[in-house]
Every structure is written in C-alpha cells, then in structure tokens.
Amino acid sequence: MAIRSANLNVMMRAAEKAGRALVRDFGEVEQLQVMKKGPGDFVSNADRKAEDIIKRELQKARPDFGFLMEESGETAGADENNRFIVDPLDGTTNFLHGMPHWAVSIGLEQNGEVTTGVIYDPIKDEMFWAEKGQGAFLRDKRLRVSGRSQMHDSVFATGIPHIGIGGGPKGHALFMKRLHAVMGNSAGIRRWGTASLDLAYVAAGRYEGFWERGLHPWDVAAGWIIVKEAGGFVTDVAGRAYSLKSQDIVASNSGVQTAFCKTLRSADKE
Ligand code: IPD
Ligand code: CA
C-alpha cells in the first residue's frame, strides 16, 4: 500500500466533498435538460458552489497555501511555495448536457513543481492520484501506462478547439491537420470532453496518448503528475518537457511517445 501524505488526504477529501455536491446537482441537470431554457445558469452555480466547497476544505487544513482556481483565479497565500491548482468541474459541457463524464481536478504545486495530483470522477467513483516519487494510483490500485508500442495499435484522445479559441481559425486549421495525421496512423481517436480524465486514462493505460492545445493550468496540473508517476511522458509537440506555460500538451506511454510527437509534427509542416 502506498503511503499517502497529509496534503494528499486533504486534497482527496475536498475532491470527494465537492464530488458529492456535484452528483446531487447533476441529477437536477438531467431534469432541467428537457426544459426550453436548459440548465445553463444552474450549472454555472453548481460549478461555483463546488469551487467554494474545495476552497473552504483546503483552506481549513492549509490556511497559508495559495490558490489558482478556474472560477475565482489567483489567491496569494502567506506561504509562497505552496499553491493548489483547482478545476472544480472539468468537463462542464458534458455536465450541462447530462453526460456522465466529468471530474474534479486538484493539483498541488510546491516550489514551482506540481508534486501531488488528484482527479476524481464521482459518477464512476474513480479516484486517480499521484505523488512525486510514490507512483500513480486508482484508489489502491497501482497505475501503469499501456505497453503498446505501435501507432497503428494505439488509441489516442484529443480536445477539439472551439473555432474562436485555441489560436482562432489558424489554431483550428492546425488542429485539423494534426487530427488528420493521427487518424492515418492509429487505431482510433476519442474526444470525451474532459482533459483531466484524458490524462488520467493515459496513466491508467486505457489509451496510449492524448494531445490538446491551449489548455489551462487547472485542466492539466493534476493529470501531469499522474501520467508521469504512471511511467508516461508529458511533453510539448517538439518532445520537450511540458511546463504549465506550454501551448501544447502531449501525454503518452513510453512505447509510442517518439512516433506520436513525430506524427503531430508532420502535420505542422503541411
Ligand atoms: C474543458 C475540458 C475539455 C477541453 C477544454 C477544457 P472545462 O474544461 O477539459 O476536455 O477540451 O479545452 O476547457 O471548461 O469543461 O472545465
Ligand atoms: Ca477544465
């Protein structure tokens, strides 16, 4: 059994508490879905409520730590070396449409490095977590990236940028070229709409790789350490080590990493 740090336990508790509130609200969304106005405002509220729960829980246990949160932005802490990076509801579009694939994502950055990550999918009750040097886990089960080494056997996930973001129409055109390149060199592509879970699934060996452009630190902080601790690679398209400032994220197992980045880069040249 892996030893869990006190910080990790605090993060897991916060994620579970927010997860319970979100599950209750998700039940309501399924009702609102059939109404003309739709559940839009209700979901924004659920999102903010979940963020408040997480902030309250984490602050109670770690009053000095700073925060970077999707809804409320940055809060400096008295302790400048520790910061929680939080997405209270990743996969908002899925949640809004009553699709049961979304998660709570909490990373802990210490001295500029993400050392601990928790991604909780409350619908499937899957708690993915990792700590630097301790490995990655799904609850108590150790996670390893998949062992496949051939692109044509491999399944990849991605995120489709909205034409208005991700670098505008130019970014969208680049995405289409990369998609085309990976389609011609893989067993299939998935777009499930929750970047944190995409990373967790790479760590769990469910698919071989994931790429997306223009994600925010709260989408990826926790997943980044979980993939690394599961023996995977997290880089940019050039194959350089990922940083929270990188435009692109490419996560994969070790078997296809080089070929995957090369396939993505081949599209950039077209
Ligand atoms: C989004 C999801 C999605 C990704 C988007 C993100 P949100 O986060 O992670 O998978 O493709 O780029 O913004 O808005 O649902 O928290
Ligand atoms: Ca997100």
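Whatever order the structure lists ligands and atoms in, that order sets their numbers, starting from 1.
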ask   = In ligand 1, which numbered atoms sit nearer than 4.0 Å to a non-hydrogen atom of Glu212?
value = 4 (C), 5 (C), 11 (O), 12 (O)

task = Please examine the side chains of Leu108 and Val114, heavy atoms only from C-beta on, and report whether any two atoms are closer than 4.5 Å.
result = no

key: Residue Asp219 vicinity, atoms of ligand 1 by number, heavy atom under 4.0 Å   = 8 (O)

query = Among the N, O or S atoms that Asp87 has, which is closest to the Ca ion (ligand 2)?
reply = OD2

note = Of all the N, O or S atoms in Asp90, the one nearest to the Ca ion (ligand 2) is OD1

task = May I ask you to test the Arg62-Val10 pair for a side-chain heavy-atom distance under 4.5 Å?
result = yes

message = Measuring from non-hydrogen atoms of His216 to any atom of ligand 1, is the shortest distance under 4.0 Å?
response = no

key: Proximal atoms of ligand 1 relative to Thr194 (non-hydrogen, under 4.0 Å)   = 9 (O), 10 (O)

key: Donor-acceptor pair, side chain of Glu208 and main chain of Val155, under 3.5 angstrom   = yes

inquiry  = Tell me whether the Ca ion (ligand 2) has Asp219 as a neighbour, meaning an N, O or S atom of it below 3.0 Å.
reply    = yes

ask   = Counting each atom of ligand 1 from 1 as listed, which ones have a heavy atom of Gly91 under 4.0 Å away?
value = 7 (P), 15 (O), 16 (O)

query = Applying a 4.0 Å heavy-atom criterion (strictly less than), which segment of Asp198 is in contact with ligand 1: side chain, backbone, both, or neither?
reply = neither

key: Side-chain donor/acceptor of Asn81 to backbone N/O of Asn111, under 3.5 Å   = no

query = Got a sec: does the CZ of Arg191 have more than 12 other heavy atoms crowding it under 6.0 Å?
reply = yes

key: Partner of Thr115 under side chain to side chain donor-acceptor pair (under 3.5 Å), chosen from Gln134, Gln110, Lys132, Glu131   = Gln110

ask   = Is there a side-chain contact between Phe260 and Val250 (heavy atoms, below 4.5 Å)?
value = yes

task = Cation-pi check, Lys228 to Phe233: give yes when NZ or CZ is under 6.0 Å from the six-membered ring centre and within 45° of the ring axis, no otherwise.
result = no

request  = Would you mind running through ligand 1 and noting each atom that sits below 4.0 Å from a heavy atom of Gly193?
outcome  = 2 (C), 3 (C), 10 (O)

query = For ligand 1, is there an N or O atom under 3.5 Å from any N or O atom of Ala195?
reply = yes

request  = Apply the side chain to side chain donor-acceptor pair (under 3.5 Å) test between Glu57 and each candidate in Gln59, Lys55, Lys60; give the one that qualifies.
outcome  = Lys60

note = Logged contact type for Arg191 with ligand 1, heavy-atom cut-off 4.0 Å, is side chain

remark   = Filtering Asp90, Thr92, Leu89, Thr93 for the heavy atom nearest atom 2 (C) of ligand 1 leaves Asp90

